[in-house]
Amino acid sequence: MSTRITEHNLNRMPPALRVSLEALYEPRDVGEQDYLEVDHVYTGDARALLPKVRPNSLALSVWSPPYFVGKDYETGLSYADWQALLSEVIRLHFPLIKPGGFLVVNIADILCFRDDSMPRIQAEAVNRKRCPVTREDILAAKKKHPYFNRHRLAKLLNCSEQTIDRRLNGNNIRGGKYEFQTRVKVVGGMVEDWALRAGFYTYDRRVWVKDAAWENSRWASLSYRAVDEFEYVYMFWKPGVTKFDRDRLSPEEWREWGSRGVWTFPSVRINDDHPAKFPKELPRRVIRLLTDPGDVVLDCFLGSGTTAVAAIELKRSFLGIDNNQTYTALAKRNVRGAMRRLC
Ligand SMILES: C[S@@+](CC[C@H](N)C(=O)[O-])C[C@H]1O[C@@H](n2cnc3c(N)ncnc32)[C@H](O)[C@@H]1O
């Protein structure tokens with residue numbers, strides 16, 4: 001069966017998603033010896049290193065990219081840069097995935113997406129006693145007592161330190177009265193468009209229910225918005241023969257998660273060495289469902305190496321890429337640990 005995208009099925013895509021066949025299958029000038037070696041972690045920009053992955057060699061690529069939520073590793077990244085990064089990385093995947101293989105993207109919607117054009121949400125908290133102290137009162141007091149800290153200002157104005165903070169710094173992290181406005185940015189549609197444009201088809205999507213992030217949720221009491229407690233797992237398929245093996249999971253596992261759209265397991269609770277690790281259970285499930293032992297699994301936003309460790313424990317090969325040397329050093333340590341445990 002031919003797995004190449006033909007002019008015929010390309011023309012059936014919505015016009016906005018059409019690309020030229022040349023763009024999908026552009027010639028590559030990577031020599032045999034230049035291909036990245038499997039079971040290695042590489043430091044570098046995914047866009048520079050993906051063209052060095054052997055074509056049609058990956059059964060699966062599973063990763064969680066920067067979410068555009070202000071993490072340190074996103075410093076200097078504009079929204080347009082972020083879109084360009086993800087769309088390019090997805091595009092570069094198509095030639096690398098085996099026909100019938102999968103690209104799986106774990107991502108969340110952006111809950112605090114800055115939008116200066118958005119009208120202010122002016123919440124009237126009817127169940128709360130509102131403190132009459134205004135931002136102008138506080139600014140006047142600060143001018144009169146420039147050395148007063150928040151605590152002394154609160155005492156002077158007979159209000160709480162929280163009121164001082166809210167009035168000065170914005171009263172909620174999703175866009176308070178004195179802050180820029182933020183809205184929820186749904187990202188799934190964009191990710192799907194980029195994948196379709198690359199030649200993939202959306203095979204499935206699951207929801208991962210994680211720990212509810214109450215600690216970031218001062219706004220929860222001032223709006224109808226929900227706390228942050230789920231992410232998506234989008235599964236994209238490269239046309240080709242996909243082996244279906246019911247024995248990859250036990251009957252109980254099929255019932256509990258293999259055939260279920262909602263996956264529930266805890267987030268990583270200690271992020272002391274990397275700020276945004278996903279739990280090993282996420283790549284573990286994806287790898288068990290979509291690959292066989294010996295297959296090669298890529299993560300090009302490898303971070304601490306979670307996907308590589310899951311792959312090793314499941315007797316798959318891996319390829320890991322991250323552009324941050326501190327994280328690739330950490331990933332290499334974690335990979336070595338996983339390999340030692342197996343011996
Ligand atoms: C959400 S984290 C992934 C965490 C990983 N799943 C784990 O469990 O540790 C995203 C990672 O992408 C990396 N990154 C950001 N931009 C990159 C780029 N252009 N190329 C490769 N890696 C990049 C960051 O350094 C960060 O480690």
Side-chain angles (χ1 to χ4, degrees), residues 1-5 9 35-40 50 53-64 90 93-107 188 191-192 195-196 198-209 231-265 278-302 305-320 335 338-339 341-343:
M1 171 179 158
S2 165
T3 54
R4 288 177 72 87
I5 293 205
N9 60 24
Y35 288 130
L36 304 188
E37 265 188 77
V38 295
D39 296 330
H40 279 72
L50 285 173
V53 174
R54 184 185 295 276
N56 295 315
S57 64
L58 308 171
L60 168 70
S61 181
V62 51
W63 39 260
S64 181
I90 290 173
H93 266 73
F94 192 80
L96 314 179
I97 304 279
K98 277 184 186 172
F102 293 91
L103 163 63
V104 174
V105 179
N106 161 229
I107 200 162
V191 175
E192 181 183 42
L196 289 174
F200 293 103
Y201 289 87
T202 312
Y203 183 84
D204 202 2
R205 77 283 170 268
R206 306 204 180 199
V207 169
W208 164 37
V209 178
E231 300 194 0
Y232 304 94
V233 180
Y234 293 110
M235 300 175 168
F236 300 106
W237 173 74
K238 175 167 169 173
V241 177
T242 301
K243 177 174 154 194
F244 177 69
D245 181 358
R246 194 78 195 163
D247 291 336
R248 280 183 181 166
L249 308 182
S250 67
E252 195 181 42
E253 286 171 325
W254 281 113
R255 266 196 310 278
E256 280 177 2
W257 61 269
S259 307
R260 303 293 301 276
V262 176
W263 287 354
T264 305
F265 45 82
F278 54 26
K280 195 166 60 183
E281 186 61 10
L282 195 150
R284 246 183 80 76
R285 287 189 180 190
V286 176
I287 292 170
R288 289 196 58 205
L289 201 59
L290 301 177
T291 70
D292 285 315
D295 281 342
V296 184
V297 177
L298 168 77
D299 184 338
C300 62
F301 295 104
L302 184 68
T306 314
T307 301
V309 169
I312 292 165
E313 290 175 355
L314 293 167
K315 307 216 166 25
R316 274 68 168 173
S317 279
F318 71 90
L319 243 176
V335 159
M339 285 177 164
R341 282 194 299 276
L342 271 196
C343 295

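Using a 4.5 Å heavy-atom cutoff, the side chains of Asp39 and Phe318 are in contact. Side-chain contact between Tyr201 and Pro239 is present, with heavy atoms from C-beta onward closer than 4.5 Å. Counting only heavy atoms from C-beta outward, the side chains of Ser57 and Tyr35 never approach each other to under 4.5 Å. By the 4.5 Å heavy-atom criterion applied to side chains, Leu50 and Cys300 are counted as neighbours. Residues Phe278 and Val233 have side chains not in contact (no heavy-atom distance under 4.5 Å, counting atoms from C-beta outward).
Taking all atoms of both residues into account, the shortest heavy-atom contact from Leu302 to Gly320 is CD2-CA, 3.6 Å. Closest of all the heavy-atom pairs between Leu58 and Leu319 is CD2-CD1, 4.5 Å. Considering every non-hydrogen atom in both Val297 and Ala311, the closest pair reads CB-CB, 4.5 Å. Between Arg260 and Glu256, the shortest heavy-atom contact is CG-O, 3.3 Å. For Gly100 against Thr242, the heavy-atom pair with the smallest separation is O-OG1, 2.9 Å. Looking at every heavy atom in both residues, Arg246 comes nearest to Ser259 through NH2-OG, 4.4 Å.
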Salt bridge (charged side-chain N to carboxylate O under 4.0 Å, His left out) between Glu192 and Arg205, worked out: CA-CA 10 Å; Glu192 181 183 42; Arg205 77 283 170 268; over 6 Å; no

side-chain contact (heavy atoms from CB on, under 4.5 Å) evaluation trace for His93 with Leu298: CA-CA 10 Å; His93 266 73; Leu298 168 77; 3.5 Å; yes

Step-by-step side-chain contact (heavy atoms from CB on, under 4.5 Å) determination, Arg206 to Leu282: CA-CA 11 Å; Arg206 306 204 180 199; Leu282 195 150; over 6 Å; no

Full working for side-chain contact (heavy atoms from CB on, under 4.5 Å) between Val296 and Arg54: CA-CA 11 Å; Val296 184; Arg54 184 185 295 276; over 6 Å; no

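Using modelled atom types, no side-chain atom of Lys238 and backbone atom of Gly199 make a donor-acceptor pair closer than 3.5 Å. Side-chain atoms of Trp63 do not come within 3.5 Å of backbone N or O of Thr307 as any donor-acceptor pair. Judged purely by atom type and a 3.5 angstrom limit, Asn106 uses its side chain to pair as donor or acceptor with the backbone of Tyr232.
In this structure, Tyr203 places its OH atom where only 12 or fewer heavy-atom neighbours from other residues, nucleotides or ligands lie under 6.0 Å away.
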Under 3.5 Å, which donor-acceptor pairs do the side chains of residues 285-293 form with other protein atoms, sequence neighbours left out?
residue : atom : partner : partner atom : Å
Arg285  : NE   : Glu281  : OE2          : 2.8
Arg288  : NH1  : Glu253  : OE2          : 2.7
Arg288  : NH2  : Arg248  : O            : 3.3
Arg288  : NH2  : Glu253  : OE1          : 2.9
Arg288  : NH2  : Glu253  : OE2          : 3.4
Thr291  : OG1  : Ile287  : O            : 2.7
Thr291  : OG1  : Arg316  : NE           : 2.9
Asp292  : OD1  : Arg248  : NE           : 3.1
Asp292  : OD1  : Arg248  : NH2          : 3.3
Asp292  : OD2  : Lys243  : NZ           : 2.7
Asp292  : OD2  : Arg248  : NH2          : 3.0

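Expressed to the nearest 0.5 Å, how far CH2 of Trp208 lies from CD1 of Ile107 amounts to 13.0 Å. The CD1 atom of Ile90 sits 6.0 Å away from atom CG of Leu103, with the distance rounded to the nearest 0.5 Å. Between Phe94 atom CZ and Ser61 atom OG the span is 13.5 Å, to the nearest 0.5 Å. Within the model, atoms CG of Leu196 and CZ of Phe236 stand 7.0 Å from one another, a figure rounded to the nearest 0.5 Å.
Every side-chain contact (heavy atoms from CB on, under 4.5 Å) that Arg255 has, sequence neighbours left out, goes to Pro251, Glu252. Looking at residues two or more places apart in sequence or on another chain, you find no salt bridge (charged side-chain N to carboxylate O under 4.0 Å, His left out) involving Lys315.
Using cut-offs of 30° and 60° on the angle between ring planes, the pair Phe265 and Trp263 is tilted.
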